[in-house]
Amino acid sequence: GRGSGAELLSGASVKALLDSVDAFLFDCDGGNPIAGVIWKGDKLIDGVPRTLEMLRSKGKKLVFVTNNSSKSRSQYADKFRSLGLSVAQDEIFSSSFAAAMYLKVNQFPPHKKVYVIGGEGILQELQLAGFTALGGPEDGEKRVQFKSSGFFEHDKNVGAVVVGIDPSINYYKLQYGTLCIRENPGCLFIATNRDSVGHMTDLQEWPGAGCMVGAICGSTEREPVVVGKPSTFMMDFLLQKYHINTSRMCMVGDRLDTDILFGQNAGCKTLLVLSGVTTQSELEDSSNRIQPDYYTGKVSDILELLGE
Ligand code: PLP
Ligand code: CA
């Protein structure tokens, strides 16, 4: 258990784990194609379909939690389908959806607008929740001009700025979001997540949403509300929906500072899969204070160790 260090998953402990939980929460992206979580970028991890089928056949509830805000839940459902996995939209909790639900839960007035530094996934989820969104990919085309008599106009009805991964971030968007927040102390500043890196391609890591969020922190001198992992916002939302006690849930993921901390913050059991993001030596490093309950190489070890 925790504190005394993580336990390597074994035939005996996997049985105990399955008996003690009713739901598995899966992180989606993993840093390594052999030992990731569900996928790495667009590649399915070996053995995942059989493992998920086995868990479903045992009556376990499966939920998928991703910090990647580039897609909406419906776009993720398409991605699961294209990889041959049948996952329903309401089993998916993306940080794009979490941003929209944060506004909903906090009764953000629908006549106010939301400025988005981020992708289509955030725009879709905001619109689906009934909010008016500005910005997003189309502002990626816009350019600023520095004329001494020029003036940058922004919509004064913006009451929230949502920041997520944005491959077309530019100075126009930075100025827009900055003015919304700096000129209106009541403006909400919401970050989908603060991951330092993401897997835009298979062979390299790229700057993650933490980079875009950090830019707005720098210009506004404000800190955002983070709705993705490790914040418990998504968990609270998920619990209302599924009515499962967190002590009977297991969070499975590859990052200590997002996935495992997210599970622990909520009182779940945690299973770390070793991947490019967290190595065995990092896990065993005495300076690492986040210890999962269990660790193993890959998700399909659950199936193999069970020996069924
Ligand atoms: N954000 C971006 C842009 C990513 O590319 C990724 C993973 O590749 C993540 C976040 C983390 O996603 P997850 O929570 O599914 O590991
Ligand atoms: Ca991950």
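One-based numbering, in listed order, for ligands and for the atoms of each. When reading the values below, keep in mind they use all heavy atoms of this one structure, side chains included, and skip hydrogens, waters and symmetry mates.
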Peer 1: Which ligand 1 atoms, with their elements, are less than 4.0 angstrom from a heavy-atom of His199?
Peer 2: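 Near His199, meaning under 4.0 Å from one of its heavy atoms, ligand 1 has 4 (C), 5 (O), 7 (C), 8 (O).
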
Peer 1: Please could you name the atoms of ligand 1 that Cys28 approaches to less than 4.0 Å, counting only its heavy atoms?
Peer 2: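 Numbered from 1, ligand 1 contributes 15 (O).
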
Peer 1: Number the atoms of ligand 1 from 1 as they appear, then name those within less than 4.0 Å of a heavy atom of Ile165, with their elements.
Peer 2: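 Near Ile165, meaning under 4.0 Å from one of its heavy atoms, ligand 1 has 3 (C).
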
Peer 1: Do the side chains of Leu103 and Met235 join up, straight or via other hydrophobic residues, at under 4.5 Å, putting them in one cluster?
Peer 2: yes

Peer 1: Taking atom types as modelled, find out whether Ser168 and Lys173 have a side-chain donor-acceptor pair closer than 3.5 angstrom.
Peer 2: yes

Peer 1: What are the atoms of ligand 1, with element, lying closer than 4.0 Å to any heavy atom of Thr66?
Peer 2: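 Result: 12 (O), 13 (P), 14 (O), 15 (O).
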
Peer 1: Give the atom numbers and elements of ligand 1 that come within less than 4.0 Å of a heavy atom of Asp27.
Peer 2: 13 (P), 14 (O), 15 (O), 16 (O)

Peer 1: Of all the N, O or S atoms in Asp254, which one sits nearest to the Ca ion (ligand 2)?
Peer 2: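 Sorting the N, O and S atoms of Asp254 by distance to the Ca ion (ligand 2) puts OD1 first.
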
Peer 1: What N/O/S atom of Asp27 is the closest to the Ca ion (ligand 2)?
Peer 2: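 Checking each N, O and S atom of Asp27, the shortest distance to the Ca ion (ligand 2) belongs to OD2.
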
Peer 1: Taking the side chain as every heavy atom from C-beta outward, state whether Glu125 and Ser69 have any pair of such atoms under 4.5 Å apart.
Peer 2: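 Side chain of Glu125 against side chain of Ser69, heavy atoms only: no contact under 4.5 Å found.
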
Peer 1: Out of Thr296, Asp27, Val273, which residue meets the side chain to side chain contact (heavy atoms under 4.5 Å, CB included) rule with Val252?
Peer 2: Val273

Peer 1: Does Arg73 count as lying over the ring of Phe97, i.e. NZ or CZ under 6.0 Å from the six-ring centre, within 45 degrees of the axis?
Peer 2: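 Flagged: Arg73 positioned over aromatic ring of Phe97.
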
Peer 1: So for Lys229, does at least one of its heavy atoms come nearer than 4.0 angstrom to any atom of ligand 1?
Peer 2: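 Yes.
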
Peer 1: Could you find the nearest protein heavy atom to atom 11 (C) of ligand 1 and give me its residue, atom name and distance?
Peer 2: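 Its nearest protein heavy-atom neighbour is Asp195 OD2, 3.5 Å.
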
Peer 1: Is Lys104 positioned over the aromatic face of Phe237, cation under 6.0 angstrom from the ring centre and no more than 45 degrees off axis?
Peer 2: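 Output no; distance or angle outside limits.
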
Peer 1: Using 4.0 Å as the upper bound for N to carboxylate O, is an ion pair formed by Glu91 and Arg56?
Peer 2: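 So Arg56 pairs with Glu91 through a salt bridge.
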
Peer 1: Quick test: of every protein heavy atom, which one is nearest to atom 4 (C) of ligand 1, and how far off is it to 0.1 Å?
Peer 2: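 The closest one turns out to be Asn68 ND2, 3.2 Å.
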
Peer 1: Using a 4.0 Å heavy-atom threshold (strictly under), name the region of Asn67 that reaches ligand 1: side chain, backbone, both or neither.
Peer 2: both

Peer 1: So, Glu221 and Arg182, do they make that salt bridge, N to O below 4.0 Å?
Peer 2: yes

Peer 1: Taking just the N, O or S atoms of Asp29, which one is nearest to the Ca ion (ligand 2)?
Peer 2: O

